[in-house]
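Just so it is clear, the model here is predicted, and its values are computed rather than measured. Just follow the structure's listing: the first ligand is 1, and inside any ligand the first atom is 1.
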Amino acid sequence: KTHKFWETQPVGQFKDIGDTSLPEGPIEPATPLSEVKQEPYNLPSVYEWTTCDMNSDDMCSEVYNLLKNNYVEDDENMFRFNYSKEFLRWALRPPGYYQSWHIGVRAKTSKKLVAFISGVPARIRVRDEVVKMAEINFLCVHKKLRSKRLAPVMIKEVTRRVHLENIWQAAYTAGVVLPTPITTCQYWHRSLNPKKLIDVGFSRLGARMTMSRTIKLYKLPDAPITPGFRKMEPRDVPAVTRLLRNYLSQFGVATDFDENDVEHWLLPREDVVDSYLVESPETHDVTDFCSFYTLPSTILGNPNYTTLKAAYSYYNVATQTSFLQLMNDALIVSKQKGFDVFNALDVMHNESFLKELKFGPGDGQLHYYLYNYRLKSALKPSELGLVLL
Ligand SMILES: COc1cccc(CC(=N)NC(=O)c2cccnc2OC2CCNCC2)c1
């Protein structure tokens with residue numbers, strides 16, 4: 001498959017796979033800011049760039065509606081991600097964010113928002129190097145404007161604006177294979193509401209299984225079973241940061257969270273992100289942590305349901321409680337909150353609970369990428385400590 005655009009970019013190229021003579025690290029050097037293109041790239045003449053102020057309710061609604069109607073669908077086009085406005089505000093405004101990295105494309109005549117791409121700053125450790133990067137996400141071109149080659153110029157424009165902030169690396173994911181994945185993850189789903197999942201075609205009734213047998217198979221207790229299991233609170237930020245930093249230090253590529261980051265990314269926000277911890281009843285130490293984010297999907301073309309309520313595993317650490325029991329408690333509270341399904345990637349140590357807790361394999365893969373940073377060899381998913389939204 002010719003990757004006309006990606007062959008021009010500083011990313012690992014397929015032809016270089018296995019060439020261990022190439023050093024690990026940046027592919028191109030940083031350049032002086034004076035050498036960064038000062039003016040935006042040219043769009044086709046009927047379109048114009050716009051910067052999206054996510055603090056503005058109208059602007060946030062425009063981005064929300066563009067994604068709701070035109071963003072990623074599953075392989076069978078039965079579901080489409082439906083990130084909420086509150087989720088987008090959270091995802092796009094972490095500490096140190098740049099509004100200039102929230103980039104829209106409008107049709108000049110109608111002024112309608114027809115495309116979007118975003119970046120947020122993140123510190124990501126690659127082996128022993130902590131690198132300031134942009135996490136690129138929510139690239140979306142209106143369905144009616146596909147294959148007009150808008151995506152390459154949007155990627156070049158967000159790259160230019162990231163360079164203007166003296167940042168030279170990026171991280172992103174895609175459901176498609178591009179040059180060149182640093183790892184490829186499988187996704188897994190744990191049914192919480194099997195009847196709805198079967199009714200909407202997300203799952204199928206197992207062979208020799210009745211509906212009542214299936215409902216019984218996925219039944220969960222009404223309350224978490226670990227003593228000291230409770231919602232995370234602001235006072236827990238230092239302890240959770242210590243727990244997370246220690247856990248993530250073992251992975252080849254991982255987010256380098258500090259307390260400021262933990263306060264933004266992991267404190268509970270209703271209908272956006274949920275996080276729980278285990279405070280030892282004896283010592284009051286914080287010994288374990290689990291979290292998941294809320295990402296509903298629109299159900300396309302089903303007469304009885306419109307929305308699939310999905311929880312996505314985020315960051316989880318078990319040091320005293322068994323990982324199985326901790327994640328089972330996460331399933332229990334997500335069921336209690338009305339989620340239909342709990343999704344997870346086989347990253348970090350997730351593989352150890354997936355089969356045991358009755359997750360089924362999804363029918364797709366999620367590929368992770370670094371921009372302008374070469375790894376000598378690809379990672380196994382279990383060596384990755386990075387979850388993108
Ligand atoms: C169920 O509704 C869907 C609507 C659109 C796409 C997919 C399949 C899919 N592509 N799933 C994932 O990418 C995925 C599966 C498990 C965990 N995280 C995931 O993606 C996250 C992380 C990357 N950005 C999207 C959300 C499912």
TODO: Give yes or no for whether the N/O distance cutoff of 3.5 Å, strictly under, is met between Leu389 and ligand 1.
DONE: yes
Open item on the list: Quick test: of every protein heavy atom, which one is nearest to atom 2 (O) of ligand 1, and how far off is it to 0.1 Å?
Closed with: Ser297 OG, 2.8 Å
Open item on the list: Can you classify the ring geometry of His102 versus Tyr97 as parallel (below 30°), tilted (30 to 60°) or perpendicular (above 60°)?
Closed with: parallel
Task: Aromatic ring pairing Trp6/Tyr172, orientation class (parallel under 30°, perpendicular over 60°, tilted between) - done: parallel
Task: Sub-4.0 Å heavy-atom contact, Asp75 with ligand 1 - done: no
TODO: Could you please spell out the steps behind the ring pair (Phe, Tyr, Trp, His ring centres under 6.0 Å) verdict for Phe79 and Phe202?
DONE: CA-CA 9 Å; Phe79 308 99; Phe202 182 89; 5.6 Å; yes
Task: Geometric class of the Tyr71/Phe138 ring pair [parallel <30°, tilted 30-60°, perpendicular >60°] - done: tilted
- [ ] Heavy-atom distances under 4.0 Å are what count here, so tell me which part of Leu345 touches ligand 1: side chain, backbone, both or neither.
- [x] side chain
- [ ] Return the residue, atom name and 0.1 Å-rounded distance of the protein heavy atom closest to atom 27 (C) of ligand 1.
- [x] Asp74 CB, 3.9 Å
- [ ] Identify which one of Asp288, Val317, Asp285 satisfies the side-chain contact (heavy atoms from CB on, under 4.5 Å) criterion when paired with Val278.
- [x] Asp288
Task: atom 22 (C) of ligand 1: the protein heavy-atom neighbour that sits closest, reported with distance to 0.1 Å - done: Leu388 O, 3.4 Å
TODO: Report the nearest protein non-hydrogen atom to atom 17 (C) of ligand 1: residue, atom name, distance rounded to 0.1 Å.
DONE: Tyr312 CD2, 3.3 Å
TODO: Tell me yes or no: between the side chains of Gln365 and Thr184, is some donor less than 3.5 Å from an acceptor?
DONE: no
Open item on the list: With no hydrogens and no angle check, just 3.5 Å: does a side-chain donor-acceptor pair link Tyr218 and Asn193?
Closed with: no
Task: Carboxylate-amine/guanidinium contact Glu157 Arg161, below 4.0 Å - done: yes
Task: Protein heavy-atom partner closest to atom 9 (C) of ligand 1 - residue, atom, separation in Å - done: Tyr187 OH, 3.4 Å
Open item on the list: What I'd like to find out is whether the side chain of Leu192 reaches to under 4.5 Å of the side chain of Phe342, using heavy atoms alone.
Closed with: yes
Open item on the list: Please confirm whether Phe202 approaches ligand 1 to less than 4.0 Å, judged on its heavy atoms.
Closed with: yes
Task: Tyr293, portion touching ligand 1 at heavy-atom distance under 4.0 Å - done: side chain
Task: Residue Leu308 vicinity, atoms of ligand 1 by number, heavy atom under 4.0 Å - done: 1 (C)
Task: Residue Leu366 vicinity, atoms of ligand 1 by number, heavy atom under 4.0 Å - done: 13 (O), 22 (C), 23 (C)
Task: Leu295 contact mode with ligand 1 (heavy-atom cut-off under 4.0 Å) - done: side chain
- [ ] Would you indicate which of Asn77, Ile299, Thr173 comes nearest to atom 23 (C) of ligand 1 when only heavy atoms are counted?
- [x] Thr173
- [ ] Could you tell me whether the side chains of Ser61 and Lys85 share a donor-acceptor contact shorter than 3.5 Å?
- [x] yes
Open item on the list: As an exercise, identify every atom of ligand 1 less than 4.0 angstrom from a heavy atom of Glu73.
Closed with: 5 (C), 6 (C)
Task: Protein heavy atom at shortest distance from atom 26 (C) of ligand 1 - done: Tyr83 OH, 3.5 Å
